[in-house]
Visitor: 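Quick one: the structure is below, questions incoming.
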Amino acid sequence: MRVAVVACVCLVLGAAGAAGQDQAPESKPLLRDIASAVSQDELRATITKLVGFGTRHTLSDTQSKTRGIGAARMWVKSRFEEIGRQCHGCLRIETPEQMVQGERIPKPADLMDVLAIQKGTSDPDRIIVISGHLDSRVTDPMNATSDAPGADDDGSGTAAVIEAARVLSKHKFPATLVFAVLSGEEQGLYGGKLLAQYAKDHHWQIEAVLNNDIIGNSKGTSGVVDATHVRVFSEGTKSTETQDEAAKRRYNGGEVDSPSRNLARFISGLADRYLSGFSVRMIYRTDRYSRGGDQVPMLAAGYPAVRLTEGIENYTREHQDVRVENGVQYGDLAEAIDFPYLAQVVRLNALTMAALAMAPAPPAAVKIEGAVSPDTTISWTPVQGAAGYKVWWRDTTAPFWTNSRSAAYATTLTLKDITIDDWFFGVSSVSADGYESPVEFPGPAGSFVPAPAPAAPAK
Ligand SMILES: [Zn+2]
């Protein structure tokens, strides 16, 4: 039967700073320590070093020791190695590499991502990724020789990845952390595609990708300053949704509850609890209007992913030849980076990775039942490391989860006199020490684990 009724879902977007998922009301000293360990000086030193390579264009020199993408990626690798030595070998460095060619890569070019992997202690198959892109550009995307400082786009994201590695490698986590410095973004998201392929080849169970691209500027093109928000972009429905899943989701809801969206809510809640005067603006989009980033190929591969970007962008800085025109400085120079602001965005990344890695995975196979009944029953399958579960619900027009009830150790809970028709539901997992996972919305629309490929039809 074809579904003919399409409900109007009117989204009420929360004001910036509205409460996110209230995972754990008490403050975690570990997360406070991690946030306070992030250093503006480290971020400044990294961005200064990156700008010093002249250009990091994907098609720039790969042989020079001082200029171009080759020198820059070798430096990132050496920086990860240095951080790894300080944690007594806790980081494994990988450099997936591929020859690529395409519209903006006319001749085959050598593409390399640089990854540092911090293996989890008790649940190492679960993976939390932070990414940023190393490559830079000027006005002409094919110009591989002019100075392209790329301080903000995306020296800021690269600095965030390296600083997260430095801070988080001093601690141990149940889940695995991956620090990913990608390349080829400006030529067509090649580094993100290579990472997605690497993840598939290595059977990574990625629970979250935090893609950081353009996160260090606080003064917009017209001079408006916003140093108190970071935008978190998340897709509403899964890129990998099948037609059948879409039909069911369209009818019963789930258009604002992809795992990426619930990851965004989780991040927003952490900002409210751990950072003062700083909050998330959740943007109900995969990326900025008609623009892209390395989270997109990860979403296409079925992994939950969000993009973090500064609250207000400055277009005289991004993708510009370095020049002064009519008294206006153009070009992506380090002088425009607001380091206190960038440090706040990096704190949010580091504490999000830690909070996710300390918590169990979200519950699996979440189901709800209760049609033509006054009550709603939600059920799920147990996950490793969970000491309890929490059922959440909210009004269908509410942006954040508002109501919750503990299910203790049970894997099913019936909500008496709460009708399935009127609310959206979800469930989270909680560790023995009180770390809570993001909320998972029932069914394929909300599942953090990509559905297995459908079995071949019987002949
Ligand atoms: Zn970028």
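In listed order, ligands and their atoms are each counted from 1. Sequence positions, counted from 1, serve as the residue numbers for this chain. Excluded from the calculations below are hydrogen atoms, water molecules and symmetry mates; all remaining heavy atoms, backbone and side chain alike, are included.
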Visitor: Look at E186 and state whether any of its N, O or S atoms is less than 2.8 Å from the Zn ion (ligand 1).
Guide: no
Visitor: Do V296 and L189 come within less than 4.5 Å of each other through their side chains, counting heavy atoms only?
Guide: yes
Visitor: Can you check the angle at the Zn ion (ligand 1) formed by OD1 of D153 and NE2 of H133? Round it to the nearest 10°.
Guide: 90°
Visitor: Between E42 and R79 (salt bridge meaning N to carboxylate O under 4.0 Å), is one present in this structure?
Guide: yes
Visitor: With a cut-off of 2.8 Å, does any N, O or S atom of D154 fall short of it relative to the Zn ion (ligand 1)?
Guide: no
Visitor: Identify whether the distance between the nearest side-chain nitrogen and carboxylate oxygen of R85 and E82 falls below 4.0 Å.
Guide: no
Visitor: Looking at D213, pick out the N, O or S atom nearest to the Zn ion (ligand 1) and give its name.
Guide: OD1
Visitor: Would you kindly check if the NZ (Lys) or CZ (Arg) of R323 is within the cone defined by 45 degrees around the ring axis of Y330 and under 6.0 Å from the six-membered ring centre?
Guide: yes
